[in-house]
**Student:** 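Would you mind keeping the following structure in view while I ask a few things?
Computed from heavy atoms alone, side chains included, the values below leave out hydrogens, waters and symmetry copies. The shown structure was predicted, so the numbers you read here are calculated from the model rather than taken from an experiment. Convention: sequence-line order gives letters A, B, ...; per-chain numbering from 1.
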Amino acid sequence: MTQSNIMPGFRPALAYTLFYLCLVVLIPLSTLVFKSLQLSWTDYLEIISNTRVVSSFRVSFGTSLIAALVAGLFGFVIAWVLVRYPFPGKRFLDALIDLPFALPTAVAGVILATIFQPSGLLGKWLMSSFGVQVAYKPLGIVVALIFIGIPFVVRTVEPVLQEFDTTMEEAASSLGATRLQVFTQVIFPNIFPALLTGVSLAFARGVGEYGSVIFIAGNLPYVSEIVPLLIITKLEQYQYAGATAIALTMLLVSFLLLLIVNLLQLWARRRSGQI
Amino acid sequence: MHANVHVIGDATGQANFKALHDPFWVRWGLVGVAVGFIVLFLCVPLGLVLYQAFSKGWQAYWTALAQPDAIAAMQLTLVVALITVPLNTVFGVAAAWAITRFEFWGKSLLTTLIDLPFSVSPVISGLIFVLMFGAQGWFGQWFSVHDIKVIFAVPGIVLATIFITFPFVARELIPLMQEMGSEEEEAALSLGASGWKTFFLVTLPNIKWALLYGVLLCNARAMGEFGAVSVVSGHIRGVTNTLPLHVEVSYNDYDVIGAFSSASILAGLAIVTLVLKSFLEWKQARA
């Protein structure tokens, strides 16, 4: 309060903020911790090491990782094209990037399932041309998560590319670098931390995603059953303890991975001289 | 001598140009990949919603939307948004005021905690309210004695939606108000304006576009939330189905027209959101 003594409303604003935060977010979230404390360590391990649970973790984290990497690749190309090249219809396409943010996930889910099912618009073509079935397979989960992940990558890379200092490119080229060298040694290292952020955001979102996935996944236990669906299945069987243990594990693993990504990012920034 | 200088200048000039611009084929190749991806992944799905919704004609479309269950779902979705959005808007403004206008201990922790709901899976967001208010939950006994239903009823849906959309307004306002600084407000206050007057006449006009932007995103998510609501709703037709849940139930019943007619309303909402978003970004950039 040293900075501006004359500003009014500190106490009521902060009090209301804390009250509402506790009531709506912190107290509800704490139930997850208290409920799992009721479990003994052996019970917890038994729930978590169940093969169906382990398979669902493998499916969720595996498909999210692949989808985040693919979204990273295409998101980077899209951000690059939107920032660097003028072409007709660019502003319209730029606005459309946010569609996966704005479109309710259930709608995205039923649409993607309809397109990629074996009799669907793209599903039929992929089946007859390449013999690949997307819907009701793990590949379907990947497709849905790419859809969900793409705006995270584009919207984190875009502003960094926009603010990128082109004099660095000029300096490199006047020292005799080729275009490929300028890209791989000057531009990319500077964009990489942002790309990593985008990919990790897409990954984190993908792990927890439910609505857009369940329609296209097939939801076969051990094969295409994701963790969020398993939590719901446990809840429907009134296995509250099981649902809680799985949920808490998923949250902790996600936080741990985000922590690792943050450290990686720090390292990448240091290396490219941004800190 | 002259000619020599000229040649050197020309050569370096060309080298410069080549290293600063992408070759023609790279340029158009990348544009092709980007446009192809956006069309395939974003335009085709939007078109498909309408195609499926109208695949049996206007008549079937309207009949599906006029079903009592569909109308009840739309009403519930509106009610949930009408409760959720104002509550989170008031919170967002209060939080942004406290965080950007004052220094206090634990400020960055508070900012992190506000973003917390974004990093929690929607399904877990629903689960925590079942753990609190469900039959075996903390307050479950008390509520069932007093015959108040939270889970598998409208209050649970509202609570889960509030949790999910909690950060939207605060997160738009905090960076903007931080950047704005408080000089204008301090000037108004030192000239004798009251706190509320300063807020409504000085702060609000400065933040209105960002505030509307936050409200818009909050509303879109409140109306479209699926995972969290799906856990607490119980899917009771005509009673606890929001519009996204109605899409799910209809789709699982192989009622294509029913699912996609409701989906077309939600897709329309998404398009309106995107258009308004572009407009607000443009306004914000000019303000």
Side-chain angles (χ1 to χ4, degrees), chain A residues 1-4 6-10 13-14 16-17 20-21 24-25 28-29 31-32 35 74 77-78 80-81 85 87 93 95-96 98-99 102-107 110-112 114-115 121 147 169-170 173-174 177-179 182 204 208 210-211 215 228 231-232 235 240 243-244 247 250-251, chain B residues 16 18-20 22 27 30-31 33-35 37-38 41-42 45 48-49 52 91 94-95 97-98 101-103 113 116-117 119 121-124 127-132 136 138 162-163 166 182 185-186 189-190 195 220 224 226-227 231 244 247-248 251 259 263 266-267 270 273-274 277-278:
Chain A
M1 287 218 40
T2 45
Q3 167 207 20
S4 48
I6 109 168
M7 295 298 271
F10 175 63
L14 187 64
Y16 182 69
T17 301
Y20 193 72
L21 177 74
V24 170
V25 175
L29 263 182
T31 56
L32 208 57
K35 185 81 189 174
F74 282 98
V77 171
I78 291 171
W80 177 266
V81 164
Y85 307 145
F87 61 93
L93 292 186
L96 212 57
D98 285 325
L99 183 71
L103 195 68
T105 54
V107 177
V110 296
I111 296 172
L112 291 174
T114 308
I115 293 179
L121 196 62
F147 175 83
E169 286 174 60
E170 284 162 21
S173 68
S174 73
T178 64
R179 182 65 186 154
V182 170
Y210 175 71
F215 297 99
I231 293 173
I232 288 190
L235 266 183
Y240 285 27
T244 313
M250 182 165 104
L251 262 188
Chain B
N16 264 336
K18 268 195 179 162
L20 285 177
D22 301 316
R27 194 173 262 259
L30 290 180
V31 171
V33 169
V35 173
F37 187 90
I38 294 173
F41 255 86
L42 303 175
L48 187 99
V49 178
Q52 292 282 348
F91 161 75
W97 183 264
R101 293 297 175 256
F102 303 94
E103 288 302 322
L113 286 178
L116 201 56
S119 39
S121 166
V123 168
I124 297 180
L127 166 71
I128 56 180
F129 289 101
V130 175
L131 293 180
M132 253 178 120
Q136 305 177 23
W138 280 4
I162 290 179
F163 180 92
F166 178 82
S182 56
E185 284 139 6
E186 278 163 20
L189 288 164
S190 63
F226 176 71
V231 174
V247 171
E248 181 200 17
Y251 183 83
L266 289 168
T273 303
L274 288 184
K277 188 170 172 288
S278 300

**Student:** Heavy-atom distance under 4.5 Å between the side chains of V123(B) and I232(A), does that happen here?
**Tutor:**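 With C-beta onward as the side chain, the pair touches.
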
**Student:** With heavy-atom distances below 4.5 Å as the criterion, would you say the side chains of L30(B) and Y85(A) are in contact?
**Tutor:**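 Side chain of L30(B) against side chain of Y85(A), heavy atoms only: contact under 4.5 Å found.
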
**Student:** Would you mind telling me which of L48(B), T273(B), V33(B), V247(B) has the largest number of heavy-atom pairs within less than 4.5 Å of chain A?
**Tutor:**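 The residue among L48(B), T273(B), V33(B), V247(B) with the greatest pair count is L48(B).
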
**Student:** Against chain B, label L235(A) side chain, backbone, both or neither, depending on which of its atoms sit under 4.5 Å from a heavy atom there.
**Tutor:**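 Looking at L235(A), just its side chain touches chain B.
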
**Student:** Taking side chain as everything from C-beta outward and backbone as N, CA, C, O, which of these in S278(B) sits under 4.5 Å from a heavy atom of chain A? Side chain, backbone, both or neither.
**Tutor:**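 For S278(B), the contact with chain A is made by the side chain alone.
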
**Student:** Of the non-hydrogen atoms in F215(A) and E248(B), which two are nearest, and what is the gap between them?
**Tutor:**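 Heavy atoms of F215(A) and E248(B) come nearest at CZ-CG, 3.6 Å.
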
**Student:** Taking side chain as everything from C-beta outward and backbone as N, CA, C, O, which of these in F166(B) sits under 4.5 Å from a heavy atom of chain A? Side chain, backbone, both or neither.
**Tutor:**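 Answer is side chain: those atoms of F166(B) sit under 4.5 Å from chain A.
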
**Student:** Pick whichever of I231(A), V182(A), T105(A), L21(A) has the most heavy-atom pairs under 4.5 Å with chain B.
**Tutor:**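 Ranked by contacts with chain B, first place is L21(A).
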
**Student:** Taking all heavy atoms of M250(A) and all of S121(B), pick out the closest pair and write down the distance.
**Tutor:**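 Closest approach of M250(A) to S121(B): CE-CB, 3.4 Å.
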
**Student:** Under 30°, 30 to 60°, or over 60°: which ring-plane class applies to F37(B) and F74(A), parallel, tilted or perpendicular?
**Tutor:**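 Parallel.
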
**Student:** Which residue is it: L103(A), L96(A), D98(A)? I am looking for the one with a side-chain contact (heavy atoms from CB on, under 4.5 Å) to L42(B).
**Tutor:**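 With L42(B) as partner, side-chain contact (heavy atoms from CB on, under 4.5 Å) holds for just one option, L96(A).
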
**Student:** Let me know if L116(B) has heavy atoms under 4.5 Å from chain A in its side chain, its backbone, both or neither.
**Tutor:**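 Side chain only.
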
**Student:** Check each atom of F163(B) against the heavy atoms of chain A and say whether the ones under 4.5 Å are side chain, backbone, both or neither.
**Tutor:**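 It is both, since atoms from each part get that close.
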
**Student:** Name the option with the most non-hydrogen atom pairs under 4.5 Å to chain A; the candidates are L274(B), V49(B), V231(B), L113(B).
**Tutor:**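 Highest number of pairs under 4.5 Å: L274(B).
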
**Student:** Taking all non-hydrogen atoms of both residues, which atom of P8(A) and which atom of W97(B) are closest, and how far apart?
**Tutor:**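 Here P8(A) and W97(B) meet closest at O-NE1, 3.0 Å.
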
**Student:** Heavy atoms only: give me the nearest A247(A)-L127(B) pair and the separation to one decimal.
**Tutor:**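 That closest heavy-atom pairing would be CB-CD2, 3.4 Å.
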
**Student:** Shortest non-hydrogen contact from V25(A) to P117(B)?
**Tutor:**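 Heavy atoms only, the tightest pair is CG2-CG, 3.9 Å.
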
**Student:** Do V24(A) and F91(B) have side-chain heavy atoms sitting under 4.5 Å apart?
**Tutor:**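 Not in contact.
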
**Student:** Starting at CG of L29(A), measure out to CG of L131(B) and round the result to the nearest 0.5 Å.
**Tutor:**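 Spacing of CG (L29(A)) from CG (L131(B)) equals 10.5 Å.
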
**Student:** Listed by chain and number, what are the salt bridge (Lys or Arg N to Asp or Glu O under 4.0 Å) partners of E185(B), not counting sequence neighbours?
**Tutor:**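 Applying salt bridge (Lys or Arg N to Asp or Glu O under 4.0 Å) to E185(B) gives R101(B).
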
